[in-house]
Amino acid sequence: MQDLKEWRETLQQQSHRGDRPSLTVGMSTCGQAAGGAKVMAALEEEIARRGLQVDISQTSCIGMCYAEPIVEVALPGKPRVFYGDVTPERVPTLVEKHVLQGEPVREWALIQLSGEATPYEGIPVMPGSTYYGRQVRVVTSRLGLTNPESLEEYIATGGYEALEKVLGQMTPEQVIEEIKISGLRGRGGAGFPTGLKWSFTRQAPGDKKYVVCNADEGDPGAFMDRSVLEGDPFSVIEGMTIAAYAIGADEGYIYCRAEYPLAIKRLKMAIAAAGEKGLLGRDILGTGFNFDLHIKAGAGAFVCGEETALLASIEGRQGMPRVRPPFPAQQGLWGKPTNINNVETYANVPFIIKNGGQWFASMGTEKSKGTKVFCLTGKIKKTGLIEVPMGITLREIIFDIAGGIQDDKQFKAVQIGGPSGGCLPEDKLDLPVDYESLTAAGAIMGSGGMVVMDENTCMVDVARFFLNFTQAESCGKCTPCREGTKRMLEILTRICEGEGRMEDLDTLETLARVVKNTALCGLGQTCPNPILSTLQYFRHEYEAHIKDKRCPAHVCQALLVYTIDAGKCTGCGACARACPAGAISGEKKQPHRIDPALCIKCGSCMEKCKFGAISRL
Amino acid sequence: MADVTLTIDGKRITVPAGTTVLQAARDNGIFIPTLCHDPKLTPWGGCRLCVVEIEGMRGLPASCVTTVAEGMVVQTASPQVVEARKMMLELLLANHPRDCLTCSKSGACSLQDYAYYYGVRGDKFHGEKHDYPLEDDNPFIVRDMNKCILCGKCIRVCAEVQVNNVIDFAHRGFNTRVTPAMDLTLRESEECVFCGNCVQVCPVGALAEKASLWQGREWELTKVRTTCTFCGVGCNLEVSVKDDHVVRVRGYDNPLVNSGWLCVKGRFGADFAESPDRITRPLIRVGERGEGRFREATWDEALDYTARRLQEIKEQYGSRAIAALSSARCTNEENYLMQKFMRAVIGTNNVDHCART
Ligand SMILES: Cc1cc2nc3c(=O)[nH]c(=O)nc-3n(C[C@H](O)[C@H](O)[C@H](O)COP(=O)(O)O)c2cc1C
Ligand code: SF4
Ligand code: SF4
Ligand code: SF4
């Protein structure tokens, strides 16, 4: 243990970023998808061409996915500057101006992290910028700022201080007590108090116990857990090691979806590195405490994120949920007491132990403590990953942090909590983001997905979209979810196609309520939320589809009507040539007409008309 | 174990701790419908027909997998519960063939019974239905997966009772199906031993005995309790008969013997009863050995003849010239008598058995 302290001190002295300029490229999934590897190659080429003495390395997602590829340029003794939307073409200028002449390229710079150095003028400083100002970065504090593949950097930035403290000074009971004081609740969706869960597993009789990390993250559009795993894998591993000590386990599994190859790769590297330094495996830090950690890749079923299905899947059985009780804390993996938590839950643990439960509990609301990571997607200006204190309002997130709606369109709704979340309208924007408020409003915290929708979104279509997902992902074990999601989807599809009847709404509402009340697992119990919340807040849109055969947002194709304004039409015939269905007719230079019976509502004509004569209703 | 007192539908009930709400209700004459429950199989909690309302619990828990607790207050027929059960039946019927007129299960079908009980006609939803081909490529079992309500009983019986694990759920959601691995048929799987225990637990007409199709309606059958003649275990049978014709054989639920489970022979081997080749009276050979000519005799004549010949052989050649070969189809008692007879009366140890290899 003494060795670890000394090592950390040495590393910290070294890590005062040396005497050479450094270039760091965002190489998480988002960075790579945006072309990070090309930028990296261009940087390497440029540096080699000029024969410069510069360090090039990679980092993880800093959260500003909208601006990837992001490159950080740091000169010795100067602030770290982050550039967004870097292309290979911009690389020579960047190197010339910033690296060689020491002058940042202000118009491309997103933000700077000045530390003890004097900030550059004209570049927002983090924290303090609007994007970062309202964020509190705990589990994302290393993301985008350190090399996730380096155990040295993890330790230099305070990593494994918590494990040191736990193994050196705390009993398992004290660890659990500290987690209880922190008020940490599970970040995987249901929000169960983590300390309490740990104490159940600790108290469950049995010699063999397991800890399991749920890294299945199957919600479409969610990438919180992926970002943490890719950006700070050691924090999750340290959190799990602490949990293992607290509950009395000596073996653990990380169940990571196979669609996250980079996360799996980094986890493997991290497990190997920690094992080599005696931070995992036999006799950790010489204390006699053992903890072996394995990775299990999932097979692509959303329902395997449900804890009992997940455990079945690790055991090699079909991923079907089973009835609880018995809870995994009593009978989990291979029938042994098992503590299962989400990635973000574990990642919080080292910070709580290091800074104390009280520190964590000082953030957030009365019942929801600490911070929460959210993925912002949809029609907002700044999509990406944010971490905010619980209790922040939706309005602050959407308008202050994410910069509001794209193209300054009208906000319509925000869908929170993944495919089973609810859609909340404008007048719920001042709702504080905490477990209870969201549930009361018909949404859920879920794992932290947030999809923002603008005026051009059809809420019936949104409900249909999510039902399509849950319907396909239902495991098929219980009647209400298996058969009910199918019928709900069919009704929604009918309504979107203009074939709905008013009594469908009653059927839909009753069916949704029954499914919610009777389904076996969380998937079925929450999948009606998108329907129930849109029926509650946007019923008029359903009625417009049914009664007026109209889609107010002009989304549902079958309900669109294309017409030509005879006053504006010059009879050029461009539309008729574009129409794949031959639905447009008219003499040359005379106003044309669209035959609604033939029109397939593809919109090709509207795109082609130069005179704006075609409108869609 | 300690007792627990709870209230079900206003009635105070005391049961041993650990009992399920379903069991507590049924033991006290309170009706709760189930499709996936079988007390002899592990609890499943899938069909959700047995949902009840329990004060202080979220949603409507399934009574088959909820254990009683002291002071629990349960409603089994509140409007919310009835609404949910009706909806469950509507959902099942929405994906079920309208085939009750000719379905072999009609009259003994749980789905039919509950639909009748709750007045559910199955006309609430009109959407996609499955259209799977009928599986009848084996001599014993016909599987119509269009009628399957995915209760999973067949899977559990195959895994827990027969311990053969031939079938399981495959695919997901609406497309979930019970099938042997790789979507093969039972016959193709080469794993199925055709014990037919799955057929016996199927609550609907998805699994049927091939030989009984079109042989009689449920209410025309006379049920006769008897013992299987195939081996010494003596499994209890319930033979369904119409017009002196064996329509089907099921296990009779006698926990002292076979708890209702059978093997392929007992269940599907009853055709011998009506075989024209069946020997129904004693025969005495008339021609030379191997010629195959016999004449019918009375039991008295046959027994006298046998006794006389045994005596003559014993006197002439000694008791070691005599051996007895008995059959696994005899009962244990019969086999015991046979060896006793050979040892004590004939005086030889030459006894053997057809099932010895
Ligand atoms: C259909 C379904 C999918 C789920 N998917 C996930 C998931 O991807 N990640 C996760 O951490 N929890 C997921 N959960 C929640 C888990 O069942 C479980 O509550 C959680 O892993 C517990 O960890 P926590 O207490 O740290 O939140 C899912 C639940 C359901 C019902
Ligand atoms: S609610 Fe859906 S996913 Fe959950 S057990 Fe039932 S069928 Fe499976
Ligand atoms: S007949 Fe017997 S072995 Fe074959 S599937 Fe049914 S239960 Fe299994
Ligand atoms: S075949 Fe019969 S027993 Fe098997 S799951 Fe289907 S309905 Fe249940």
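Throughout, protein chains are lettered first and strands after them, A, B, ... in sequence-line order, and every chain is numbered starting at 1. Computed from a predicted model, the values in this text were never measured in an experiment.
- Most heavy-atom pairs under 4.5 Å with chain B: of the set A:T510, A:I491, A:T507, A:V303, this distinction falls to A:T510.
- B:E90 does not touch chain A: none of its heavy atoms, backbone or side chain, sits under 4.5 Å away.
- Atom SG of A:C478 sits about 11.0 Å away from atom CG of B:L150, to the nearest 0.5 Å.
- Summarising the geometry, atom CE belonging to A:M320 is positioned 5.5 Å from atom OG1 belonging to B:T176; distances are rounded to the nearest 0.5 Å.
- For B:M182, the CE atom sits in a loose shell: 12 or fewer heavy atoms of surrounding residues, nucleotides or ligands are nearer than 6.0 Å.
- In B:R121, the CZ atom is not crowded: 12 or fewer heavy atoms of neighbouring residues, nucleotides or ligands sit closer than 6.0 Å.
- Closest heavy-atom contact between B:W44 and A:L520: O-CD1, 4.2 Å.
- Under a cut-off of 6.0 angstrom, the local environment of NZ in A:K367 is sparse, with at most 12 non-hydrogen atoms contributed by other residues, nucleotides or ligands.
- No donor-acceptor pair closer than 3.5 Å links the side chain of A:R482 to the backbone N or O of B:G173.
- The contact between B:M87 and chain A is made entirely by side chain atoms (from C-beta outward), counting heavy-atom distances below 4.5 Å.
- Both the backbone and the side chain of B:F174 come within contact range of chain A, each with at least one heavy atom under 4.5 Å from a heavy atom of that chain.
- Of all the listed residues (A:P325, A:A472, A:C481), the one sharing the greatest number of non-hydrogen pairs under 4.5 Å with chain B is A:A472.
- Put simply, of B:L60, B:L49, B:L35, the one with the most heavy-atom pairs under 4.5 Å next to chain A is B:L60.
- Contact annotation for A:K477: both backbone and side-chain heavy atoms come within less than 4.5 Å of a heavy atom of chain B.
- Looking at B:D168, the atoms closer than 4.5 Å to chain A (heavy atoms on both sides) all sit in the side chain, from C-beta outward.
- When the candidates A:R513, A:R322, A:Q525 are compared by the number of heavy-atom contacts under 4.5 Å with chain B, A:R513 comes out ahead.
- Residue A:F465 places its CZ atom among 12 or fewer non-hydrogen atoms of other residues, nucleotides or ligands, all under 6.0 Å distant.
- No donor-acceptor distance shorter than 3.5 angstrom exists from the side chain of A:T479 to the backbone of B:R48, with no hydrogens or angles considered.
- Enclosure of atom OH in B:Y116 is not indicated, since only 12 or fewer non-hydrogen atoms of other residues, nucleotides or ligands lie within 6.0 angstrom.
- Note that NE2 of B:H171 and SG of A:C475 are 14.0 Å apart. Values are rounded to the nearest 0.5 Å.
- Considering only heavy-atom pairs separated by less than 4.5 Å from chain A, the leading option among B:G46, B:C151, B:A170 is B:G46.
- Of all heavy-atom pairs spanning A:E490 and B:G127, the tightest one is OE1-CA, 3.2 Å.
- With chain B as partner, the option from A:K516, A:R494, A:E483 having the largest number of non-hydrogen pairs under 4.5 angstrom is A:E483.
- The local environment of CD in B:E190 is sparse, with at most 12 non-hydrogen atoms from other residues, nucleotides or ligands closer than 6.0 Å.
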- Task: Begin with the C-alpha distance, continue with both residues' side-chain angles, and end with the deciding distance and a verdict on side-chain contact (heavy atoms from CB on, under 4.5 Å) for B:K124 and A:L511.
- Result: CA-CA 11 Å; B:K124 206 177 181 75; A:L511 180 54; over 6 Å; no
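- Across all non-hydrogen atoms, the minimal contact from B:A84 to A:T518 is CB-CG2, 3.9 Å.
- Residue B:E160 places its CD atom among more than 12 non-hydrogen atoms of other residues, nucleotides or ligands, all under 6.0 Å distant.
- No more than 12 heavy atoms of other residues, nucleotides or ligands sit less than 6.0 Å from atom NZ of A:K336.
- The minimum heavy-atom distance between A:R487 and B:A94, with the atom names listed, is NH2-O, 3.6 Å.
- Of the atoms belonging to A:A519, it is backbone heavy atoms, and not side-chain ones, that fall under 4.5 Å from chain B.
- When heavy atoms are compared at a cutoff of 4.5 Å, B:R58 approaches chain A solely by way of its side chain, counted from C-beta outward.
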